[in-house]
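What's counted below: heavy atoms across the whole structure, side chains too, no hydrogens, waters or symmetry copies. Sequence lines set the chain letters: A, B, ... in the order given, protein chains first and strands last, and positions in each chain run from 1. As the structure is a prediction and not an experimental result, all values here were calculated from the model.
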Amino acid sequence: MTPRVRFAPSPTGFLHVGGARTALFNWLYARRTGGTFVLRIEDTDAARNTEEAVQVIYDGLRWLGIEWDEGPLVGGDRGPYFQSERNAIYERYFQRLQDGGHLYTEENGATRFRSPRETVVVEDAVCGSVPFDLSDPTTHPDMTIRRPDGSWIFHFVNVVDDIEMGITHVMRGEDHLSNTPKHMELYRALGATPPVWAHIPLILKKDGKGKMSKRDEGSSVASYIADGYAPEGVRNFLCLLGWSPKDNREKIPIEEVIPLFDLDKINRRNAAFDLEKCAWLSGEWFREMPPERHRALAWEALVRAGVDLARFPAEYVQQALDTCQGKLRVLKDLPAYAGFYFRDDYPIDPAAAGKHLTSETKPRLEAVRTALAGLPDWDVTSIETVLKTLATQFGVKLGAFLQPVRVMLTGSTAGPSMYHLVEILGREKVLERLDRSF
RNA sequence: GGCCCCUUCGACUAGUGGUUAGGUCACAGCCCUCUCAAGGCUGUUGCACGGGUUCGAAUCCCGUAGGGGCUGCCA
């Protein structure tokens, strides 16, 4: 039997990194085993089920390159994949429990499942064999499975769906480990075989104090999209939280993770979230990705930041973006880093101006201006040669000589290669910028 | 409080009885360098504690402490 796994998020309008990692681990397992990865939307709480909220889930998963084999938009023969559309199925299972004498109704109309009050042993692929003594009703009250208004509670619909959808392996956050004995009672009462359980460690706040929550920086997948992280880098980082290739590799392509991924290699300890390392990996991926890929992502990031790239020739934009590849960890910094390519009123860093635009450097800048104006061949090599020659003539170290030029041309002391940016900017812009007074 | 899980550098981890306890992020210094990145080199920092078992424990057992999770008519 080929494995069937699932990711079953609730559409809250927010895709948590922890959820994304759960999805990723399930996806990896499906890919490793040739199984099927199902996406199911747990929208029993109709109030917060909005189209946009579901879209956030789709967008987040797709951005991470986690495609589902069955579920919304792609279909499948175990649907529907929204709990809100599965009421008839729940009614049927509810009746079965009712007929089996497992249910009773409270005065207010809520329905509870009568626990058999036995010890349930959860055999978990990650946590091992975990016994739960459910004999005491005061510490383990009977779970409610249906509200007075007829709506369903998570435990019940989750189990019913997993049974109906033929889920063979349930991989989810460890916060569900304590719920699992209850779920096993349901499986038993319904005469169904429980899946293989695999409870994966939680992602904790940076300081390790508590689960990462909505308020914590980096908790939302949307924030990575907005901040312009490399999707491959974030996915790579998520792989490393609770799993490791065990050979000291950090940057590792997903294709190489797939064959190595297995349940018994998953850690048991919760992991604190280190956004710093995530950003580092993002940078690594940007640096080493094909230039076309970087251009596409960088282009997108600039447009998102309001830079009107359409005003420039595609060739120009492309060359400009290429000089930035590998320089930044996160693309939200790109407008500040490369903005000078796309606007003439770029801001001049006051500290840089104070240090480099002085009466001492003025004659050098004039010399540079003159030399560049008369340069026969406008290419990187010629530009480099002439600048180096001038520096020597002035008896100034190259670095000290070039910084004032950089500040004039870009407004900053940090940026892409001087020779390249001069070439790309073009003679006209370069001369105009060098002509400016200070 | 009860139940469950966990415990190697600040963080992520490798390590399953004998290692100078390794790697990565971060941090510091040096080198390289047109700046910034990157790269190279070096360094600081760790087996929670206490008992066992053993010739020998980060590795096995027990206890303690600490952290996390669950304990909803949330998911």
Side-chain angles (χ1 to χ4, degrees), chain A residues 8-12 16 19 42-45 48 83 106 108-112 122 124 126-128 130-134 136 138-141 143-149 151-155 157-158 172-182 199 201-211 237 240-251 267-281 283-284 286-288 324-329 333 337 352 356 384 387-388 391 397-403 405-407 410 412-422:
Chain A
S10 187
T12 60
H16 192 273
E42 304 221 331
D43 57 346
T44 51
D45 193 345
R48 58 187 187 189
Q83 288 187 331
E106 303 267 21
N108 67 1
T111 307
R112 287 184 187 264
V122 177
D124 192 283
V126 175
C127 302
V130 187
F132 289 87
D133 178 2
L134 304 183
D136 186 351
T138 61
T139 55
H140 295 92
M143 69 181 130
T144 305
I145 67 168
R146 191 171 205 179
R147 300 186 186 90
D149 68 1
S151 61
W152 307 100
I153 302 294
F154 159 73
H155 302 293
V157 290
N158 186 266
R172 58 187 2 176
E174 196 219 78
D175 47 349
H176 284 297
L177 183 58
S178 302
N179 290 149
T180 307
K182 291 183 218 168
H199 288 89
L202 264 22
I203 296 181
L204 271 26
K205 299 173 194 285
K206 192 168 173 48
D207 61 5
K209 305 272 187 211
K211 285 200 283 193
F237 181 69
L240 263 22
L241 248 31
W243 176 88
S244 145
K246 302 201 187 293
D247 59 5
N248 286 341
R249 271 186 297 176
E250 304 291 333
K251 177 170 183 278
N267 279 160
R268 297 175 69 168
R269 29 225 146 278
N270 294 162
F273 194 86
D274 184 3
L275 197 57
E276 204 59 51
K277 186 164 179 177
C278 184
W280 169 75
L281 263 174
E284 290 294 297
F286 276 132
R287 182 170 310 107
E288 295 172 28
C324 302
Q325 180 168 9
K327 300 287 199 164
L328 303 172
R329 308 198 303 182
D333 298 328
Y337 188 82
H356 296 290
E384 179 170 353
L387 289 174
K388 282 183 170 167
K397 277 209 210 156
L398 189 57
F401 184 80
L402 289 181
Q403 280 305 72
V405 182
R406 178 182 292 283
V407 174
T410 73
S412 168
T413 53
S417 157
M418 269 295 294
Y419 314 127
H420 289 82
L421 74 84
V422 166

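Between A:E284 and A:K277 there is no salt bridge, since no side-chain N of the basic residue sits under 4.0 Å from a carboxylate O of the acidic one. A salt bridge does not link A:K205 to A:D207: none of the charged nitrogens lies less than 4.0 Å from a carboxylate oxygen.
As judged by a 4.0 angstrom heavy-atom cut-off over every strand, A:A272 is placed among residues touching the sugar-phosphate backbone only. Among the protein residues, A:K209 comes within range of the sugar-phosphate backbone only, with heavy atoms under 4.0 Å from sugar or phosphate atoms but none that close to a base. Using a 4.0 Å heavy-atom cutoff across all strands shown, A:H199 reaches no nucleic acid atom at all. Looking at heavy-atom distances under 4.0 Å, A:K327 makes contact with a base. Looking at heavy-atom distances under 4.0 Å, A:Y337 makes contact with a base. Nucleic acid contact for A:G283: none, since no nucleic acid atom lies under 4.0 Å from a heavy atom of the residue. Heavy atoms of A:R329 sit under 4.0 angstrom from primed sugar atoms or phosphate atoms, though from no base atom. Here A:G208 lies in heavy-atom contact (under 4.0 Å) with sugar-phosphate atoms only. Using a 4.0 Å heavy-atom cutoff across all strands shown, A:R249 reaches no nucleic acid atom at all. Across all strands shown, A:G109 has no heavy atoms under 4.0 Å from either base or sugar-phosphate atoms. Using a 4.0 Å heavy-atom distance criterion, A:N179 is classed as a base contact. Within 4.0 Å of A:F132, counting heavy atoms only, lie sugar-phosphate atoms of the nucleic acid but no base atom. Residue contacts for A:E250: at a heavy-atom cut-off of 4.0 Å it reaches a base atom on one of the strands shown. Using a 4.0 Å heavy-atom criterion, one finds that A:P131 contacts the sugar-phosphate atoms exclusively.
Rounded to whole Å, atom P of B:G1 lies 16 Å from atom NE2 of A:H140. The CH2-P distance, from A:W280 to B:A37, rounds to 16 Å in whole Å. When rounded to the nearest whole Å, the span between CE of A:M143 and C1' of B:G72 equals 13 Å. In this structure, CG of A:N270 is placed 13 Å from C1' of B:C70, rounded to the nearest angstrom. Note: CG (A:D274) to C1' (B:C27) measures 12 Å, nearest angstrom. For the pair A:K182 NZ and B:C4 P, the computed distance is 15 Å after rounding to whole Å. Going from atom CZ of A:R269 over to atom P of B:A11 covers 14 Å, rounded to whole Å. Summarising the geometry, the separation between CZ on A:F286 and P on B:C36 is reported as 22 Å, rounded to the nearest angstrom.
Across B:U35, B:U13, B:A75, the shortest atom-to-atom separation from the side chain of A:A271 is found for B:U13. For A:S244, counting side-chain heavy atoms from C-beta on, the closest listed nucleotide (B:C34, B:U13, B:C4) is B:U13. If you check B:G68, B:C36, B:C34 against the side chain of A:S417, the one that comes closest is B:C34. Among the nucleotides B:G68, B:U35, B:A75, the one closest to the side chain of A:T44 is B:A75. Of the candidates B:C70, B:C34, B:C73, B:C34 carries the atom nearest the A:Q403 side chain, counting heavy atoms from C-beta on. With B:A37, B:A75, B:C34 as the candidates, the nucleotide lying closest to the side chain of A:M418 is B:C34. Side-chain proximity of A:R147 to the nucleotides B:C74, B:C12, B:A38 is greatest for B:C74.
Nucleotide B:C60 is matched to B:G52 when pairs are restricted to Watson-Crick or G-U wobble geometry with both distances under 3.5 angstrom. Of all nucleotides present, none satisfies the Watson-Crick or G-U wobble test against B:G72 with each distance under 3.5 Å. Of the nucleotides present, B:U7 is the one that pairs with B:A65 by Watson-Crick or G-U wobble criteria, both distances under 3.5 Å. The partner of B:U35, taking Watson-Crick or G-U wobble pairs whose two distances both stay under 3.5 Å, does not exist in any strand shown. Across all strands shown, B:U44 forms no Watson-Crick or G-U wobble pair with both distances under 3.5 Å.
Across B:C25 and B:G43, the matching P atoms stand 16 Å from one another, rounded to whole Å. Comparing B:A14 with B:G68, their P atoms sit 22 Å apart, to the nearest whole Å. Here the separation of B:G1 from B:U54, taken at their P atoms, is 37 Å to the nearest Å. Nucleotides B:G69 and B:C12, compared at atom P, are 15 Å apart to the nearest Å. Separation of the C1' atoms belonging to B:U59 and B:A21 is 11 Å when rounded to the nearest angstrom. With both ends at atom P, the span from B:A37 to B:G29 equals 13 Å, rounded to whole Å. For the P atom pair drawn from B:G46 and B:G22, the interatomic distance equals 12 Å after rounding to whole Å. A distance of about 16 Å separates the P atoms of B:G10 and B:C27, rounded to the whole Å.
Residues A:P245 and A:R249 come closest through the heavy atom pair CG-O, 3.7 Å.
The closest side-chain heavy-atom distance from A:I145 to A:H155 is not below 4.5 Å. Residues A:F132 and A:V122 are in side-chain contact: their nearest non-hydrogen atoms beyond the backbone lie under 4.5 Å apart. Between A:M143 and A:I153, every side-chain heavy-atom pair lies at or beyond the 4.5 Å cut-off. When side chains are defined from C-beta on, A:K206 does not count as touching A:F273, because their heavy atoms never get closer than 4.5 Å.
You won't find any donor-acceptor pair under 3.5 Å spanning the side chain of A:N158 and the base of B:A75, going by distance alone. The base of B:C34 lies close enough to the side chain of A:R406 for a donor and an acceptor atom to sit less than 3.5 Å apart. Judged by distance alone with a 3.5 Å cut-off, no donor-acceptor contact links the side chain of A:D136 to the base of B:C3. Evaluation of atom-type donor-acceptor distances gives no pair under 3.5 Å for the side chain of A:T139 against the base of B:C3.
Within the 4.0 Å cut-off from OP1 or OP2 of B:C73, not a single side-chain nitrogen or oxygen of A:N108 is found. One finds a side-chain N or O of A:K246 lying less than 4.0 angstrom from the OP1 or OP2 phosphate oxygen of B:A14. In this structure, A:T410 does not reach the B:U35 phosphate: none of its side-chain N or O atoms is under 4.0 Å from OP1 or OP2. Taking only side-chain nitrogens and oxygens, A:K211 comes nearer than 4.0 Å to OP1 or OP2 of B:C70.
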**Request:** Walk me through it: do A:E174 and A:R269 pass the test salt bridge (Lys or Arg N to Asp or Glu O under 4.0 Å)?
**Result:** CA-CA 10 Å; A:E174 196 219 78; A:R269 29 225 146 278; over 6 Å; no
**Request:** Evaluate side chain to side chain donor-acceptor pair (under 3.5 Å) for A:T180 paired with A:H199, printing each intermediate quantity in order.
**Result:** CA-CA 10 Å; A:T180 307; A:H199 288 89; 3.0 Å; yes
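Looking only at distances, no side-chain donor or acceptor of A:N270 sits under 3.5 Å from a matching main-chain atom of A:L204.
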